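Just below is one structure, and these are the notes that go with it.
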There are 2 protein chains.
Amino acid sequence: MKLITRDTDYAVRAVCFIVRHKERVISVTELVKKLKIPRPFLRKLLQALSKKGVLGSHRGLGGGFSLAKPANKIFLVDLIEIFQGPLKLNECFFKKITCPNVKRCLLRKKIDNIERYVQDSLKSITIASLLK
Amino acid sequence: MKLITRDTDYAVRAVCFIVRHKERVISVTELVKKLKIPRPFLRKLLQALSKKGVLGSHRGLGGGFSLAKPANKIFLVDLIEIFQGPLKLNECFFKKITCPNVKRCLLRKKIDNIERYVQDSLKSITIASLLK
DNA sequence: ACAAAATGATACTAATATGGTATCATTCCT
DNA sequence: AGGAATGATACCATATTAGTATCATTTTGT
């Protein structure tokens, strides 16, 4: 049970690199060299980030990616949700049959509390805060 | 990213049922009827629980499973670890190459804090507390 | 003793999620 | 015009999760 998958981890690294050079446009080629991430995979990640408005993209010779918004406006939870879907620690496995057990719902409630905490924590982490 | 997988969820339900009838020995047949969990799958789960000392087993006609320890001594985290392995939210994806980035370690530190909280929370939840 | 009812052990299969590739189209700069 | 870049999309490989199947062993009732 991983909070952060490889996609997200790579994406964080890539975005951080781009933030540290935000005056330039960064090509996949450069990122591959610096981060040692498989090129086609990294491309997929960057495309997703650009589609979701985290990065801007520039085609053609000399093109690449650049920040689309300030680093303190990009939250870790954004990247997690792009690559891993909505943050849900919890999910009732008995949606179909009416869940007859009090205990189950107690479990749910407790997990929900944990989930809330994790969500709040992740929402407070910005890319900027990972760079200091 | 699920905190609790289906195995664990089923196992919690089964153990709860057994706790609520702890004066008797409960057979898989009865549990299947009550919980609507596929029989061979449930059997696998119960065997694991008995191997790990959460349940005791009784073979032969009239046999089944029973509690091996009091419900307030069985922790949710125990069941999670039986079915999902050690609770680790975090894992550095760059163990091989020396991780050169301060940011990565900052990320790690933050995730570690969240992990600690989740672990502590789960350690405090007993099966007994799910029954009240 | 023996048959039925239960678990023990273990190997296998199916479905889904994750991690990664490949390819062709499109755009932009020189 | 042509090369260097991203856009879009479909595909493949591996691992994890969920579930099945089967035979051996033990216990109990008759």
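A, B, ... follow the sequence lines: proteins, then strands. Residue 1 opens every chain. Since the model is a prediction, treat every value here as computed from it, not as a measurement.
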Subject >> Side-chain donor/acceptor of A/K51 to base of D/dG7, under 3.5 Å >> reply: no
Produce the list of close N/O pairs, under 3.5 Å, pairing protein atoms with atoms of nucleotides 22-25 of chain C; give distances to one decimal.
none

**OP:** Please state how far atom NZ in A/K2 lies from atom P in D/dT17, giving the value in whole angstrom units.
**Re:** 9 Å
Side-chain donor/acceptor pairs under 3.5 Å, residues 41-70 of chain A, sequence neighbours excluded:
unit_1: A/H58; atom_1: NE2; unit_2: A/S66; atom_2: OG; d: 2.8

Original post:
Which of residues 22-31 of chain B have a heavy atom under 4.0 Å from DNA chain C?
Top reply: B/S27, B/V28
**OP:** Would you jot down, in residue-number order, the residues of residues 60-71 of chain A having a non-hydrogen atom under 4.0 Å from DNA chain C?
**Re:** A/G60, A/L61
**OP:** With sequence neighbours left out, write down each residue that passes side-chain contact (heavy atoms from CB on, under 4.5 Å) with B/S129, or none if nothing qualifies.
**Re:** A/K110, B/I125, B/T126
Original post:
B/R6 has an atom CZ; how far is it from atom C1' of D/dT17, in whole Å?
Top reply: 10 Å
Original post:
In whole angstrom, what separates A/Q47's CD from D/dA5's P?
Top reply: 15 Å
Subject >> Residue list, side-chain hydrogen bond (donor to acceptor under 3.5 Å, both in side chains) with A/T29, at least two apart or on another chain >> reply: A/R39
**OP:** Look at B/S57 and C/dG8 and indicate whether a side-chain polar atom (N or O) is within less than 4.0 Å of OP1 or OP2.
**Re:** yes
Original post:
A/H58 NE2 to D/dA5 P: how many Å, rounded?
Top reply: 14 Å
Original post:
Looking at C/dG19, C/dG8, D/dA18, which one has an atom nearest to any side-chain atom of A/F41?
Top reply: C/dG19
Original post:
By side-chain hydrogen bond (donor to acceptor under 3.5 Å, both in side chains), which residues pair with B/N113, not counting sequence neighbours?
Top reply: B/R116
Review item, side-chain donor-acceptor pairs of residues 71-82 of chain A, under 3.5 Å, at least two apart:
unit_1: A/D78; atom_1: OD2; unit_2: A/F75; atom_2: N; d: 3.0
unit_1: A/E81; atom_1: OE2; unit_2: A/L87; atom_2: N; d: 3.4

Original post:
A/D112: what forms a side-chain hydrogen bond (donor to acceptor under 3.5 Å, both in side chains) with it, not counting sequence neighbours?
Top reply: A/N90
Subject >> Euclidean distance, atom CG of residue B/L45 to atom P of D/dG19 [Å, nearest integer] >> reply: 9 Å
Original post:
Between atom CZ in A/R39 and atom C1' in C/dG19, what is the gap in whole Å?
Top reply: 18 Å
**OP:** Report the residue (B/Q84 or B/L42) whose heavy-atom-nearest nucleotide on DNA chain D is the more 5′ of the two.
**Re:** B/Q84
Original post:
Quick one: is D/dG19 close enough that its OP1 or OP2 comes under 4.0 Å of any side-chain N or O from B/Y10?
Top reply: yes
Original post:
Are A/L31 and A/L131 in one and the same hydrophobic cluster, where Ile, Leu, Val, Met, Phe, Trp and Tyr link if side-chain heavy atoms are under 4.5 Å apart?
Top reply: yes
**OP:** Only counting residues at least two apart or in another chain, list the ones meeting side-chain hydrogen bond (donor to acceptor under 3.5 Å, both in side chains) with A/E30.
**Re:** A/R24
Original post:
Please give, in whole Å, the distance from C/dT16 C1' to B/D7 CG?
Top reply: 14 Å
Original post:
Looking only at heavy atoms, which two atoms of B/L35 and B/A14 are closest? And how far apart?
Top reply: CD1-CA, 3.6 Å
Subject >> Of all pairs that satisfy ring pair (Phe, Tyr, Trp, His ring centres under 6.0 Å), the ones with a partner from residues 111-132 of chain B, not counting sequence neighbours >> reply: A/Y117-B/Y117
Original post:
Any sub-3.5 Å donor-acceptor pair from B/Q84's side-chain atoms to B/T8's backbone N or O?
Top reply: no
